[in-house]
Amino acid sequence: MATPKRTSPASNAPDPRLRFDPFGFRKFSRDFFRQDTVSVARAIIGAWLARRHKNHWYGARIVETEAYLGAIDAAAHSWRGRRTPRVEPMYLDGGHLYVFLVYGMHSCANVVTGPAGVAEAVLLRAAEGPEGTPPKFLSGPGRLCAAFGITVAASGIDLLSGGDLRLFQGQQRNIGISKRIGVEYAGEAADWPLRFFDKDSAAVSGPLRLRTDL
DNA sequence: CACATGATCGCCT
DNA sequence: GGCGATCATGTGG
């Protein structure tokens, strides 16, 4: 008989090093996510991504994001209003999650922004784990998803309806701005200053030259 | 650190 | 059929 084919699980277990206690954290309002996408991308630097798994909580502080501006943005999956099953979650109300697979192997998680029908989102590019975890542990969208066990099975879920994935408010940070990473094909949009990062975090991804303001 | 390359497959044209 | 909102590894400066 043939070699057993490995089936990808609906959702993977989060890394145990991310255990944390969400007690006392404040949640965001729906209207917060309905703001313009750039504001949200900036504002969630320092916020906490959290996941519940088998009655335990796991979390990390977001240190790097990118804004994707929908129909007008050649780097966005919803460019020119493109509407396919994969991209459909981008059209949901602000506060939902959009997850996609790149290069056949890495998941990327986005927070949907704007009101329903506006297909914009914020890509979560990197986070900082608890002290003691390697600086690059959650550095890069693929690694962040892998550590949290987030897969495309989570695409379309609501972060505000009491589910297993949530976003909590954090502390204000020193914000740096640059162009986005890995979108060179997007023409003029490739140079738009839509990447935001915590200047004081070692967990930020990408080349060093993109770690300073424009 | 910068740059090049291979891995690997769902999605779109 | 081609190509990515990436990552790990290897080379060279």
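Note on naming: letters A, B, ... go to the chains in the order of the sequence lines (proteins, then strands), and numbering restarts at 1 for each one. Note that this is a predicted model, so its numbers are computed, not measured.
Atom CG in Leu123(A) sits roughly 11 Å away from atom C1' in dT6(C) (whole-Å rounding). Straight-line distance from the CD atom of Glu64(A) to the P atom of dA5(C): 16 Å, rounded to whole Å. Counting to the nearest Å, the P atom of dT6(C) and the CG atom of Leu138(A) are 16 Å from each other. A straight line from CE of Met105(A) to C1' of dA8(C) spans 10 Å, rounded to a whole angstrom. Separating the NE2 atom of His77(A) from the C1' atom of dC12(B) is a distance of 11 Å, rounded to the nearest angstrom. At whole-Å resolution of the value, CZ in Arg80(A) and C1' in dC12(B) are 13 Å apart. With rounding to whole Å, Asn110(A) atom CG is found 14 Å from dT6(C) atom C1'. Between Leu144(A) atom CG and dC7(C) atom C1' the separation is 14 Å, expressed in whole Å.
For Thr84(A), counting side-chain heavy atoms from C-beta on, the closest listed nucleotide (dA8(C), dA2(B), dC11(B)) is dC11(B). Comparing atom distances between the Val183(A) side chain and each of dC12(B), dA7(B), dA5(C) picks out dA5(C) as nearest. Set against dA2(B), dA5(C), dG10(B), the side chain of Phe100(A) has dA5(C) as its closest nucleotide. Here dC12(B) is the nucleotide among dT6(C), dC12(B), dT8(B) with the atom lying nearest to any side-chain atom of Val87(A). With dA5(C), dC1(B), dT6(C) as the choices, the nucleotide that has an atom nearest any side-chain atom of Leu208(A) turns out to be dC1(B).
The hydrophobic cluster containing Ile72(A) does not contain Tyr91(A), counting ILVMFWY residues as joined when their side-chain heavy atoms lie under 4.5 angstrom apart, directly or transitively.
Phe28(A) has its ring centre less than 6.0 Å from the ring centre of Phe33(A).
A donor atom on one side chain and an acceptor atom on the other are not found under 3.5 Å apart for Arg82(A) and His77(A). In summary, the side chains of Arg195(A) and Ser178(A) do present a donor paired with an acceptor at a separation below 3.5 Å, with no hydrogens or angles considered.
Across all strands shown, Arg82(A) has heavy atoms under 4.0 Å from sugar-phosphate atoms exclusively, and none from any base.
Between Tyr103(A) and dA7(B), no base-stacking contact is recorded for ring centres under 5.5 Å apart and planes less than 30° from parallel.
Geometrically, Arg180(A) engages Tyr68(A) in a cation-pi contact, judged by NZ or CZ lying under 6.0 Å from the ring centre and within 45° of the ring axis.
Remark: Arg195(A) is not in phosphate contact with dA5(C), judged by side-chain N or O atoms under 4.0 Å from OP1 or OP2.
Taking the nucleotide of DNA chain C with the nearest heavy atom to each of Tyr185(A) and Arg143(A), the more 5' of the two is matched to Tyr185(A).
Partner assigned to dT8(B) is none, using Watson-Crick or G-U wobble distances below 3.5 angstrom.
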